[in-house]
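Everything below concerns the one structure shown next.
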Amino acid sequence: MTTEEAAQHDLEPAVAVVGMSGRFPGAPDLDAYWANLRDGVCSLSAFTEKELLADGADPAELRNPAYVPAQGHLAAADRFEAELFGFSRTEAAALDPQHRVLLETAWSALEDAGYAPLNAPSRTGVYVGGSPTEHALAAGTDPALAASIGALQVRILTDREFLAPWISYRLGLDGPSMTVQTACSTSLTAVHLAVQALLLGECDTALAGGVAIGTVRRQGYVHYQGGIFSPDGRCRPFDEKAAGTVPGSGVGVLVLRRLEDALADGDPVRAVIRGTAVTNDGAGKVGFTAPGVDQQTAAITEAWAAAGLEPSAAQYVEAHGTGTELGDRIELEAASAAFAAGAGPDSSVGIGLGSVKSNIGHADAAAGAAALIKTVLMLEHATLAPTVDVTSPVAALADSPLRLVTETRRWPRRPDLPRLAGVTSVGIGGTNVHVVVQEAPARGPRAEAGARPTVLPLSARTEHQLGLVAARLAARLREADAPALADVAHTLRTGRVGMPVRAYVVAAGVREASDKLMALAEGRQDSVRDPSGEAWLRGEEVTWPALDGEVRRVRLPAYPFAGESHGALTLRGPAAHPPAESAAPSPGSELESEVAELVVEALDLDGPAGLEKTYFEAGGDSLTAVHLAGRLRDELDIDVPIQLFLEPITLKEMTIRIVEIKEGGGADGALDALLAEFEAES
């Protein structure tokens with residue numbers, strides 16, 4: 001297809017970005033992320049010696065003249081609303097911070113798309129990846145943790161292999177679930193796989209992205225001459241003074257659907273992915289960790305061919321751009337070859353070039369997601385964000401069609417084309433990815449509807465969070481581009497999970513709704529009562545009255561997570577997870593007390609009172625059953641039939657039955673058989 005034909009907006013097989021969520025250094029959400037990018041903020045942190053020592057740094061290491069106290073730090077990465085996702089405190093403490101943050105980000109991304117996270121579309125796939133973590137390494141070498149919850153459970157809660165399956169399991173997503181690993185290009189490779197799965201019909205909706213939280217601690221690094229890390233804690237892609245990158249943390253998840261489905265279902269399309277491609281350098285490079293030119297060029301040209309476009313249609317390229325001399329030189333050579341015939345929005349300035357690593361550092365497995373989300377935000381705002389800390393662009397740019405963007409500027413649309421950009425990600429080991437992104441098609445104006453009272457239902461886990469939900473929604477409805485009230489009501493009714501603490505307001509317009517929501521946030525209930533709203537307050541399944549006109553999903557503020565800190569395991573000290581509470585001695589025999597203590601510890605119960613629940617009511621699952629049965633056998637010499645955990649009896653009754661098994665000498669081979677089968681499968 002020629003660029004002239006593309007001007008007709010023929011978006012045959014294409015994929016829509018309908019939702020996004022992310023957390024990056026200096027940005028707890030994407031609104032803050034965009035503000036930082038637009039304003040040219042460098043969000044890399046420079047730590048004081050006091051901060052580093054408080055987080056466990058080795059004083060001797062800090063005295064090393066080559067130690068650089070900088071990092072792209074992700075604040076509050078140890079916090080997690082465990083109860084929302086069905087994890088006990090013990091499990092949450094063992095769960096890798098990467099898993100915790102990725103679960104919450106997947107939840108928020110679905111909400112951004114207007115879908116309730118626990119009621120997502122059928123055949124929703126998950127394609128994500130992560131980085132190695134200090135927590136996982138420490139957990140794998142912590143014998144006390146293994147003794148407490150079982151070695152297999154430790155692995156399942158910490159290994160990045162299970163990043164995708166945990167999302168699918170906790171959110172009830174039944175499409176393909178794949179953890180992707182291609183080093184630094186992981187999350188953009190995940191996007192490529194998700195796009196292919198959608199176009200092939202393997203799923204109808206997909207979550208794609210990645211996470212990188214190597215450590216939750218504030219931590220610097222040692223700079224080595226000739227190494228990949230910057231000597232001064234700043235990353236300067238495509239600058240003559242570039243001397244290395246800075247490690248960073250982050251997480252980004254995108255919700256993808258086939259464009260035709262997204263438009264038909266009234267989804268809030270944020271951008272369109274026109275084409276993707278993946279290549280590998282093979283042996284065509286000087287070393288395993290070195291990048292190669294030819295296959296980076298091939299990834300770019302193949303992606304634009306898949307989009308039905310020529311590379312000359314590009315107006316901006318978000319590069320991998322690590323700020324290393326070798327990496328930047330090879331990437332610029334490869335991109336220049338691919339875009340040689342290109343012309344930007346103004347032929348005198350060429351194709352825009354940038355790298356978000358100058359803002360947040362190198363987010364490893366999440367780097368591609370950070371770059372793609374940045375590009376989508378620029379398309380939405382028709383604004384090119386600058387690459388920061390660059391004062392002397394490399395001389396090679398003079399002979400390239402690419403021009404480094406170092407100041408914020410408007411992104412004009414060419415008369416013959418929509419806004420189009422390319423995003424590149426390169427992984428150690430040679431996996432190169434390129435994605436072609438186009439601005440979203442214009443959303444037609446919503447038909448005017450008569451103003452009539454409409455119920456807006458809200459819910460949260462706590463009163464405090466409910467107030468935040470109301471306040472944030474009130475602020476959104478006061479913005480100039482506030483959505484129509486019927487669309488807001490539709491999204492709240494169908495795109496949010498109903499939680500225990502509930503409220504509602506009744507309004508006939510967005511301004512009235514905003515005023516009442518703000519009053520609700522301040523503790524003043526709406527005086528207008530509505531039968532459907534009252535049923536909502538009682539926790540009933542509500543059949544809401546029809547809304548005016550054809551309703552659409554709209555972007556509204558996501559759920560305000562408010563979890564406590566669950567710490568993280570480190571390699572420099574004792575485990576930071578809270579110990580399980582021990583049961584006080586229960587009435588009855590000494591053996592009964594010992595059994596009760598094991599049950600309370602395994603299920604993380606609040607003392608003996610928790611024994612009034614059944615096994616599954618207390619959060620038990622098959623793995624915990626195998627582990628608990630194993631501990632009963634190893635520590636108390638009681639061989640428990642595994643079927644006992646499935647019976648609808650209280651834990652107190654189960655404890656008595658276990659004691660009776662011991663005293664009566666009852667035993668069978670069910671546990672041994674189950675353990676053998678489980679070990680064989682793992």
Side-chain angles (χ1 to χ4, degrees), residues 1 6 8-21 106-128 164 167-168 171-178 190-209 253-276 303 306-309 369 372-373 376 379-380 418 420 435-447 483-484 486-487 490-496 547 549-556:
M1 179 186 293
Q8 300 172 13
H9 293 252
D10 180 5
L11 295 176
E12 60 177 279
V15 169
V17 177
V18 298
M20 302 192 306
S21 181
W107 179 292
S108 297
L110 282 167
E111 286 194 330
D112 187 67
Y115 288 98
L118 299 183
N119 191 29
S122 61
R123 302 180 75 241
T124 293
V126 180
Y127 301 82
V128 296
I167 294 173
S168 298
L171 300 187
L173 310 178
D174 56 7
S177 188
M178 301 183 185
V191 170
H192 166 78
L193 292 174
V195 167
Q196 295 301 308
L198 287 164
L199 296 179
L200 290 172
E202 295 175 349
C203 59
D204 296 327
T205 303
L207 302 181
V253 174
L254 300 97
V255 182
L256 309 177
R257 302 192 75 209
R258 288 182 290 273
L259 179 62
E260 58 182 339
D261 294 342
L263 294 175
D265 293 344
D267 294 340
V269 178
R270 303 191 67 163
V272 177
I273 295 178
R274 292 289 303 268
T276 67
L309 296 164
L372 179 56
I373 289 172
V376 172
L379 286 165
E380 284 186 323
L420 287 157
V435 174
V436 178
V437 196
Q438 177 176 312
E439 65 181 330
R443 203 174 195 183
R446 192 179 188 281
D487 292 341
H490 174 65
T491 304
L492 292 175
R493 295 173 184 182
T494 65
R496 295 295 184 268
L547 294 162
E550 183 179 344
V551 291
R552 306 184 288 198
R553 295 179 184 86
V554 290
R555 290 177 48 218
L556 300 176

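- Within the model, atoms CE of M178 and CG of L193 stand 7.0 Å from one another, a figure rounded to the nearest 0.5 Å.
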Q. Step by step, would you call M20 with L372 a side chain to side chain contact (heavy atoms under 4.5 Å, CB included)?
A. CA-CA 10 Å; M20 302 192 306; L372 179 56; over 6 Å; no

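- Closest of all the heavy-atom pairs between V18 and A262 is CG1-CB, 3.8 Å.
- One finds the CG atom of L309 at 7.5 Å from the CD atom of Q438 (value rounded to the nearest 0.5 Å).
- In terms of the salt bridge (Lys or Arg N to Asp or Glu O under 4.0 Å) criterion, residue partners of D204 (sequence neighbours excluded) are, by chain and number, R123, R258.
- Note that the CZ atom of R274 and the CG atom of L420 stand 6.5 Å from one another [nearest 0.5 Å].
- Atoms CG and CG, on D267 and L256 in that order, are 11.5 Å from each other to the nearest 0.5 Å.
- Across all non-hydrogen atoms, the minimal contact from P268 to D112 is CG-O, 3.9 Å.
- Applying the side-chain contact (heavy atoms from CB on, under 4.5 Å) test to T276 and every residue at least two apart in sequence or in another chain returns H192, V195, Q196, I273, V435.
- For P121, the side-chain contact (heavy atoms from CB on, under 4.5 Å) criterion is met by Y115, T124, T205, not counting sequence neighbours.
- Across every non-hydrogen atom of D265 and R257, the tightest pair is OD2-NH1, 3.0 Å.
- With hydrogens and angles disregarded, no donor-acceptor distance shorter than 3.5 Å links the side chain of T491 to the backbone of G114.
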Q: Evaluate the criterion side chain to side chain contact (heavy atoms under 4.5 Å, CB included) for residue pair D174 and S168; output intermediate values, then yes/no.
A: CA-CA 7 Å; D174 56 7; S168 298; over 6 Å; no

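- Across V269 and A440, no two heavy atoms sit closer than the pair O-CB, 3.5 Å.
- Looking at every heavy atom in both residues, S21 comes nearest to S108 through OG-CB, 3.2 Å.
- Residues satisfying the side-chain contact (heavy atoms from CB on, under 4.5 Å) test with R552, not counting sequence neighbours, are R443, R446, D487.
- The side-chain contact (heavy atoms from CB on, under 4.5 Å) search around I167 returns L102, L103, A106, V126, V128, L171, L173, L207, not counting sequence neighbours.
- Residues meeting the salt bridge (Lys or Arg N to Asp or Glu O under 4.0 Å) test with R496, sequence neighbours left out: E111.
- Here the shortest heavy-atom pairing between A208 and A190 reads CB-O, 4.0 Å.
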